[in-house]
Undergrad: 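Have a look at this one.
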Amino acid sequence: MQSCPQCNQQNQDDSKFCYQCGTNLSPVVEQAASPPSTVHLNQTDGDLWREFIGPHADRYLEQFKKFGSAQAPKFSLTWNWPAFLFISFLWFLYRKMYLYAMVYAVGPMVSTYLTGDVTVGIVWSIMAGATGNYVYYWYCREQIGEIKRKAGDDQTKRALALKEAGGVQPYVVWVGVAFYVLFILMMFKLIQEGLSEGDRLPIKPAKPAAMIDT
């Protein structure tokens, strides 16, 4: 037996309508499980984030959606090619994350010194590639929240704060290019020296002079 929610009349389990008041007794169709909530920004906040991020803003915002709810974001594995291919500390510097830039500048050198393994820098590059988007999301979130708190509705203050904390450092691109050119020249020089040494023929030692019989 099922009870009518309207008049509490008892009806048969298979009844679709209450025979006393006519209320629909059909079971409510369960809603399909909703997809996990994602980082969603309204139009105003979306424009603010785009202005803060600067170049490739839409690509980063698309990656940020993978971190779940905007209220309680969680780490999700994504990949940031610039942070991996571009010298890692320079990518953080380019995006004005100065603390992380210092960590990724000092960390590989200290690790190489302690382990004596020059390939340890690759591990740091992989770490930057795998976590760069998530770290950048939190940086943007914190900085934008601080800008909104301090500037309020003052568009002038907000624009100045966005220019100072957001965007990129264009000169870093040329620093990276200079690093790569220097690296290529050093490798070319080492290869050239290796070939030069290989071309040298070993000099045979002179035969000792014959002893003169006395």
Side-chain angles (χ1 to χ4, degrees), residues 39 48-68 70 72-151 158-194:
V39 176
L48 188 61
W49 279 66
R50 286 185 180 86
E51 188 176 353
F52 182 88
I53 295 172
H56 309 295
D58 289 332
R59 186 186 70 189
Y60 280 106
L61 290 175
E62 192 65 28
Q63 294 293 327
F64 293 168
K65 292 180 181 179
K66 299 177 182 178
F67 301 139
K74 296 181 180 180
F75 176 77
S76 178
L77 186 62
T78 60
W79 190 255
N80 188 308
W81 281 108
F84 173 70
L85 295 176
F86 201 52
I87 302 173
S88 297
F89 89 89
L90 288 179
W91 179 78
F92 286 104
L93 185 62
Y94 177 70
R95 286 289 169 180
K96 297 186 177 181
M97 291 183 280
Y98 302 117
L99 177 60
Y100 289 98
M102 182 179 68
V103 170
Y104 274 84
V106 176
M109 292 189 295
V110 173
S111 300
T112 302
Y113 175 77
L114 294 177
T115 62
D117 186 359
V118 295
T119 62
V120 74
I122 299 176
V123 177
W124 281 86
S125 296
I126 294 173
M127 288 172 52
T131 63
N133 289 328
Y134 189 66
V135 170
Y136 190 43
Y137 165 73
W138 273 102
Y139 173 77
C140 293
R141 177 175 172 157
E142 292 175 355
Q143 293 295 321
I144 291 173
E146 188 69 12
I147 290 172
K148 291 171 69 176
R149 185 182 68 83
K150 290 184 176 181
R158 179 174 292 188
L160 290 173
L162 285 170
K163 183 177 180 180
E164 181 179 352
V168 296
Q169 299 277 22
Y171 74 87
V172 176
V173 175
W174 299 109
V175 174
V177 171
F179 268 105
Y180 276 112
V181 170
L182 182 61
F183 175 76
I184 292 172
L185 291 175
M186 289 177 61
M187 293 300 296
F188 179 76
K189 183 66 174 178
L190 289 174
I191 293 173
Q192 192 177 39
E193 289 179 356

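Because the structure is a prediction, the values reported are computed rather than measured. Side-chain atoms are counted along with the backbone in the values below, which use heavy atoms only and exclude waters and symmetry mates.
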Undergrad: According to salt bridge (charged side-chain N to carboxylate O under 4.0 Å, His left out), does anything in residues 138-148 pair up with another residue at least two apart or in another chain? List the pairs.
TA: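 Applying salt bridge (charged side-chain N to carboxylate O under 4.0 Å, His left out) to every pair that reaches into residues 138-148, excluding sequence neighbours, yields Asp45-Lys148, Glu146-Arg149, Glu146-Lys150.
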
Undergrad: Under the side chain to side chain donor-acceptor pair (under 3.5 Å) definition, can you give me all pairs with a residue in residues 92-101, not counting sequence neighbours?
TA: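 Those involving residues 92-101 are Arg95-Tyr136, Tyr98-Gln169.
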
Undergrad: Which atoms form the tightest heavy-atom contact between Val172 and Leu90, and what is the distance?
TA: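 Shortest heavy-atom contact: CG1-O, 3.2 Å.
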
Undergrad: Just to verify, what does Ala130 make a side chain to side chain contact (heavy atoms under 4.5 Å, CB included) with, not counting sequence neighbours?
TA: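 For Ala130 the side chain to side chain contact (heavy atoms under 4.5 Å, CB included) partners, ignoring immediate neighbours, are Leu77, Trp79.
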
Undergrad: How far does CG of Leu85 sit from CG of Asn80, to the nearest 0.5 angstrom?
TA: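 Taking CG in Leu85 and CG in Asn80, the distance rounds to 9.5 Å.
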
Undergrad: Stepwise, does the side-chain contact (heavy atoms from CB on, under 4.5 Å) test hold for Thr78 with Tyr134?
TA: CA-CA 8 Å; Thr78 60; Tyr134 189 66; 5.7 Å; no

Undergrad: Taking only residues two or more places apart in sequence or in another chain, which ones pass side chain to side chain donor-acceptor pair (under 3.5 Å) with Ser76?
TA: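 Side chain to side chain donor-acceptor pair (under 3.5 Å) list for Ser76, sorted by chain: empty.
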
Undergrad: For the CE atom of Met97 and the SG atom of Cys140, what is their distance to the nearest 0.5 Å?
TA: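 If we round to the nearest 0.5 Å, Met97:CE and Cys140:SG are 7.5 Å apart.
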
Undergrad: Taking only residues two or more places apart in sequence, or in another chain, which ones meet Tyr139 in a side chain to side chain donor-acceptor pair (under 3.5 Å)?
TA: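 Listed in chain order: nothing, the list is empty.
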
Undergrad: Within this structure, what is the CD1-CG distance for the pair Ile53 and Leu61, rounded to the nearest 0.5 Å?
TA: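 Ile53 atom CD1 to Leu61 atom CG measures 4.5 Å (nearest 0.5 Å).
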
Undergrad: Mind checking ring-ring contact (aromatic ring centres under 6.0 Å, His included) for Phe89 and listing every partner two or more places apart, or none if nothing turns up?
TA: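 Partners of Phe89 by the ring-ring contact (aromatic ring centres under 6.0 Å, His included) criterion come out as none, since no residue qualifies.
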
Undergrad: Could you list the residues that satisfy side chain to side chain contact (heavy atoms under 4.5 Å, CB included) with Ala101, not counting sequence neighbours?
TA: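 With neighbours one apart ignored, the set is Phe92, Leu93.
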
Undergrad: Return the set of residues passing side chain to side chain contact (heavy atoms under 4.5 Å, CB included) with Met102 (not counting sequence neighbours), or none when no residue passes.
TA: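 Scan of Met102 (side chain to side chain contact (heavy atoms under 4.5 Å, CB included), adjacent residues dropped) gives Leu99, Val106.
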
Undergrad: Side chains of Met186 and Lys189: does their closest heavy-atom pair fall under 4.5 Å?
TA: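 The answer is no; the side chains never approach within 4.5 Å.
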
Undergrad: Check the orientation of Phe67 and Tyr137. Use parallel for under 30°, tilted for 30 to 60°, and perpendicular for over 60°.
TA: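 Taking Tyr137 first and then Phe67, their aromatic rings sit tilted (interplane angle of 30° to 60°).
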
Undergrad: Within the structure provided, determine whether Met109 and Tyr113 are in side-chain contact (heavy-atom separation under 4.5 Å).
TA: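 No, their side chains stay 4.5 Å or more apart.
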
Undergrad: About how many Å separate CD of Gln63 and NE2 of His56, when rounded to the nearest 0.5 Å?
TA: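 Going from the NE2 atom of His56 to the CD atom of Gln63 covers 13.0 Å.
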
Undergrad: Between Trp174 and Pro170, what is the shortest heavy-atom contact and its length?
TA: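 Where Trp174 meets Pro170 most closely, the heavy atoms are CD1-O, 4.0 Å.
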
Undergrad: Under the rule for side chain to side chain contact (heavy atoms under 4.5 Å, CB included), what residues qualify as partners of Ser125, not counting sequence neighbours?
TA: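 Counting only residues at least two positions away or on another chain, Ser125 forms a side chain to side chain contact (heavy atoms under 4.5 Å, CB included) with Phe84, Ser88.
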
Undergrad: For residues Pro108 and Val103, report the shortest heavy-atom separation together with the two atoms involved.
TA: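 It is CD-O, 4.0 Å.
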
Undergrad: Hey, could you give me the CE/CD1 distance between Met127 and Ile122, rounded to the nearest 0.5 Å?
TA: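 Going from CE on Met127 over to CD1 on Ile122, the span is 14.0 Å.
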
Undergrad: For residues Asn133 and Phe64, report the shortest heavy-atom separation together with the two atoms involved.
TA: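 Minimum heavy-atom contact is O-CE2, 3.5 Å.
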
Undergrad: What are the two closest heavy atoms between Leu162 and Ile147, and how far apart are they?
TA: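 Closest approach of Leu162 to Ile147, heavy atoms only: CD2-CD1, 3.8 Å.
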
